[in-house]
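Report on the structure given below.
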Amino acid sequence: MTTPEFTTALLHADRQFGVEHGGIHKPIHTSTQYGFDRVEDLIGVFQGTLKGAYSYSRQGTPTTAALESKLAAMDEGVGAITFATGMAAITAVFLTLLKAGDHVVSSQFVFGNTNSLLGTLGDLGVTSDKVDVTNVANVEAALRPETRLVFVETLANPATQIADLEAIGRLCRDKGVLFVVDNTILSPWLFKPKAVGASLVIHSLTKSIAGHGQALGGVVVDTGLFDWQGYPNIAESYRKGDSRQWGLTQIRKKGLRDMGATLSAQHAHAISVGAETLALRMDRSSATALELARLLESHPAVGRVFYAGLESHPQHRTAQRLFRSGSWLLSFELRDSSDCLPFLNRLSLPIKSTGLGDTRTLIIPVAPTIFWEAGAEVRASMGIADGLVRVAVGLEDPADLLGDFRQALGG
Ligand SMILES: *Cc1c(COP(=O)(O)O)cnc(C)c1O
């Protein structure tokens, strides 16, 4: 058989693990510890000589390992580590790969909690500069000799800015800087960051990949493109064996074993099942999102619409070249911002809720909720007007959803 494609590979991945009793799905392994008949094997687990064995579930279980192998394959990486949440994955990358005195160049359009985390890092001696990453020149100008890492989101939430991905990838490769990409919104079905030279790919599994609003999770995938031998912050004890695994080894030992934000087996299983329909869900919700964006753009009551699939989007050409679609995320402003809350209350299908990547369409006014704590200055720097509304399009039948928006907008 030729190499299977994305969804085929995902659906049949568990069978490569020799699933117990011929079960078609990888079961949920709930043991917190693993035992051995021979004490030499127990010692081998601790010394890393017994491969594929488990000791204590804080460092992983057969259930998380099965999910990790699928996630690594989806991003064409050399390995993956799962975490309890997306924020745990991002925290683990920052805390295990950076030291006091290091510098980070970050997108100014990042998830609010990531922004807040960068503030915490500042208190620990890791400084950061936030720049407009839609133009590589801003990233280049912010680089310093002590810059270890550039952090961007591929498609930002909520205003959908798209990083200058190819050029930033080339810049990082030329300078030997780690290029870390949060690809949560797009998922590997719509875009694989390895194609633009990303070193590490992070996903909040909670969103696109799990897809059903039922499980929190996060992952770090190493694309295998970064040369860890030249990275100064890898501890001597992890500079052993295949150097492509050094980064992940350090993240697993320090980030999972020492910090402990481990993904539960139950959630790993739910995410695995959800991931099986990733491509189908992404295609459906992106197609509806494009129709909705067009409806909004042509409606007299609506001001600006931010959707990567619209010709009017500032980085539309980048999106067309690199992404399979404009994704399920869009945002817009009403011309009359005083109608924003009444309009939201006139909608009956979209659920007024925070969060992203559910099967149901979720809608939220951004400034008075998720970006309230950030303050007016940060909101302005991120392109978030007071009347901005974010829509995370779900799987409803498109005609129902569009009809509801039409009636709420008034004709
Ligand atoms: C939600 C989100 C996160 C954090 O993920 P959690 O699983 O909620 O911790 C990180 N990055 C982006 C882009 C997100 O949308």
Side-chain angles (χ1 to χ4, degrees), residues 64 67 71 75 80-95 104 106-121 130 133 149 151-163 165 180-188 190-191 193 198 200-221 255-256 259-264 266-268 270-271 274-275 278 282 285 289 306 308 323 327-331 353-358 362-364 366 369-371 373-374 378 382-384 390-394:
T64 55
L67 175 62
L71 294 165
D75 264 315
I81 306 174
T82 51
F83 291 88
T85 64
M87 283 319 301
I90 296 172
T91 304
V93 165
F94 286 164
L95 289 186
V104 172
S106 163
S107 166
Q108 73 192 41
F109 317 116
V110 289
F111 186 62
N113 304 155
T114 305
N115 209 6
S116 169
L117 174 64
L118 287 167
T120 307
L121 285 184
K130 289 161 198 149
V133 293
L149 183 158
F151 184 90
V152 306
E153 291 178 12
T154 45
L155 182 117
N157 150 36
T160 73
Q161 297 94 344
I162 296 168
L165 292 162
V180 181
V181 170
D182 179 338
N183 194 37
T184 293
I185 307 298
L186 293 175
S187 87
L190 299 185
F191 175 61
L200 297 176
V201 183
I202 296 176
H203 295 281
S204 163
L205 300 171
T206 316
K207 318 288 175 53
S208 302
I209 292 180
H212 293 70
Q214 306 239 39
L216 293 159
V219 69
V220 181
V221 178
L256 205 53
M259 297 172 194
T262 307
L263 180 64
S264 72
Q266 285 84 353
H267 280 180
I271 294 164
L278 175 67
M282 292 291 105
S285 54
F306 304 94
F323 307 159
S327 89
W328 44 263
L329 181 74
L330 63 89
S331 56
S353 170
T354 185
L356 299 163
D358 204 303
L362 307 179
I363 196 160
I364 192 165
V366 177
T369 57
I370 42 182
F371 279 92
E373 185 186 311
V378 169
M382 294 190 65
I384 298 169
R390 177 183 82 187
V391 190
V393 175

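The structure displayed is predicted, hence computed values, not measured ones. When reading the values below, keep in mind they use all heavy atoms of this one structure, side chains included, and skip hydrogens, waters and symmetry mates. When a ligand or atom number is given, it counts from 1 through the structure's own listing order.
- Between Ile90 and ligand 1, no pair of N/O atoms sits closer than 3.5 Å.
- Atom CZ of Phe111 sits about 12.5 Å away from atom CD1 of Ile202, to the nearest 0.5 Å.
- The closest protein non-hydrogen atom to atom 4 (C) of ligand 1 is Phe111 CE2, 3.5 Å.
- With a 4.0 Å heavy-atom cut-off, ligand 1 is reached by no atom of Asn113.
- Across all their heavy atoms, Ala80 and Val219 have their closest contact at CB-CG2, 3.9 Å.
- Listed by atom number, the atoms of ligand 1 under 4.0 Å from Gly217 heavy atoms are 7 (O).
- Close approach to Leu356 involves these atoms of ligand 1, each under 4.0 Å from a residue heavy atom: 15 (O).
- A donor-acceptor pair under 3.5 Å is absent between the side-chain atoms of Gln161 and the main chain of Glu153, judged by distance alone.
- Residue-ligand proximity, Glu153 to ligand 1, at heavy-atom distances under 4.0 Å covers atoms 13 (C).
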> Does the pair Asn157 and Thr184 meet the rule for a side chain to side chain contact (heavy atoms under 4.5 Å, CB included), with working shown?
Replying inline: CA-CA 10 Å; Asn157 150 36; Thr184 293; over 6 Å; no
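- Within the 3.5 Å criterion, the main-chain N or O of Ile185 finds a donor-acceptor partner in the side chain of Ser208.
- For Ala156, the closest heavy-atom approach to ligand 1 does not fall below 4.0 Å.
- Atom OG1 of Thr206 is separated from atom NE2 of His267 by 9.5 Å, given to the nearest 0.5 angstrom.
- For ligand 1, one of its N or O atoms has an N or O atom of Met87 under 3.5 Å away.
- For atom 11 (N) of ligand 1, the nearest non-hydrogen atom from the set Thr354, Asp182, Thr206 comes from Asp182.
- Interface of Thr184 with ligand 1, defined as ligand atoms under 4.0 Å from a residue heavy atom, comprises 11 (N), 12 (C), 13 (C), 14 (C), 15 (O).
- Nearest non-hydrogen protein atom to atom 14 (C) of ligand 1 is Lys207 NZ, 3.0 Å.
- A donor-acceptor pair under 3.5 Å is absent between the side-chain atoms of Trp328 and the main chain of Val391, judged by distance alone.
- How far OG1 of Thr354 is from CD1 of Ile363: 13.0 Å, rounded to the nearest 0.5 Å.
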